[in-house]
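All values below come from the heavy atoms of this structure, side chains included, with hydrogens, waters and symmetry mates left out. Whatever order the structure lists them in is the order used to number ligands and atoms, beginning at 1.
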Amino acid sequence: MKDITVAIDGFSSTGKSTIAKQLAKKLEYVYVDSGAMYRAVTLYAMQHQLISNTFFYKDKLISVLDIISLKFKFNTDLGFAEIYLNDINVEKEIRNIEVSEFVSKVAEISEVRRKLVEQQQQFGTNKRVVMDGRDIGTVVFPNAELKIFMNASAKKRAQRRFEELTKRGDKVTFDEILKNIEYRDYIDSTRKDSPLIKANDAIEIDNSEMTIDEQFEKIYTIVINKINSLK
Ligand code: DC
């Protein structure tokens with residue numbers, strides 16, 4: 001089977017990471033969650049009082065980018081790689097609603113994007129990677145053999161996110177999650193640098209009415225057909 005790169009982009013909470021993890025496992029590829037990298041830089045900014053509801057010291061954050069180290073380490077129990085910020089596992093912390101509230105602001109900064117895109121491209125030098133994000137098919141891997149663009153209604157996405165966060169014990173309301181999703185959709189798709197747009201050659205999947213299994217069947221078939229067509 002030919003080795004390929006699979007780029008999965010789409011709006012927040014469209015289930016990109018769920019399908020990306022499933023595909024990576026089945027194909028024995030590496031899964032890279034690019035959003036986790038933007039979230040980890042945001043967490044760093046929060047921990048160092050560089051961002052809050054009332055201030056954002058952008059230049060200071062840019063000046064310390066070189067000392068922010070991001071690594072992924074495979075967790076055999078979970079079956080995917082977790083993210084480490086300066087050698088500390090922050091996989092759970094970066095999913096908090098507070099990080100979600102600030103991350104779009106951090107992801108707008110070109111210097112941040114340049115640093116993270118460079119690292120993401122290194123992960124893909126040998127192909128056999130499934131990466132999800134917002135600009136994977138357009139900026140990180142414009143030559144990816146397969147590009148998927150995920151979509152679903154904002155309400156459906158908020159409902160799924162609400163269930164996920166309440167299940168793990170976070171105190172959140174449906175309304176605040178819906179607002180956060182709509183806000184991130186807006187910033188992600190209107191920012192100047194690498195806005196979220198569907199690549200011309202991406203295949204769009206709306207999973208509003210699909211179960212996780214149905215989604216996997218559909219996308220896995222697309223992947224296999226693509227690999228077979230390249231033989
Ligand atoms: O996929 P996610 O929700 O964990 O991503 C968090 C934020 O990071 C998202 O609001 C936009 C940003 N992001 C980005 O700008 N580019 C990417 N490739 C991935 C995420």
Would you mind listing every salt bridge (charged side-chain N to carboxylate O under 4.0 Å, His left out) that reaches into residues 59-86, with sequence neighbours excluded? K71-D87

Pair S208-D206, side-chain donor/acceptor within less than 3.5 Å: yes

Considering residues at least two apart in sequence or located in another chain, which fulfil the side chain to side chain donor-acceptor pair (under 3.5 Å) criterion with E163? Q159

Can the ring centroids of F72 and F123 be said to lie less than 6.0 angstrom from one another? yes

Candidate pair K105 and E108, rule salt bridge (charged side-chain N to carboxylate O under 4.0 Å, His left out), full reasoning: CA-CA 5 Å; K105 286 268 148 226; E108 273 182 319; 3.5 Å; yes

Just jot down the side chain to side chain contact (heavy atoms under 4.5 Å, CB included) partners of R95, sequence neighbours excluded, or say none. D33, A36, R39, E91, R168

In chain-and-number order, ligand 1 lies under 4.0 Å from a heavy atom of each of S34, G35, Y38, R39, V103, S104, A107, R113, G133, R134, D135, I136, R184, D188, R191

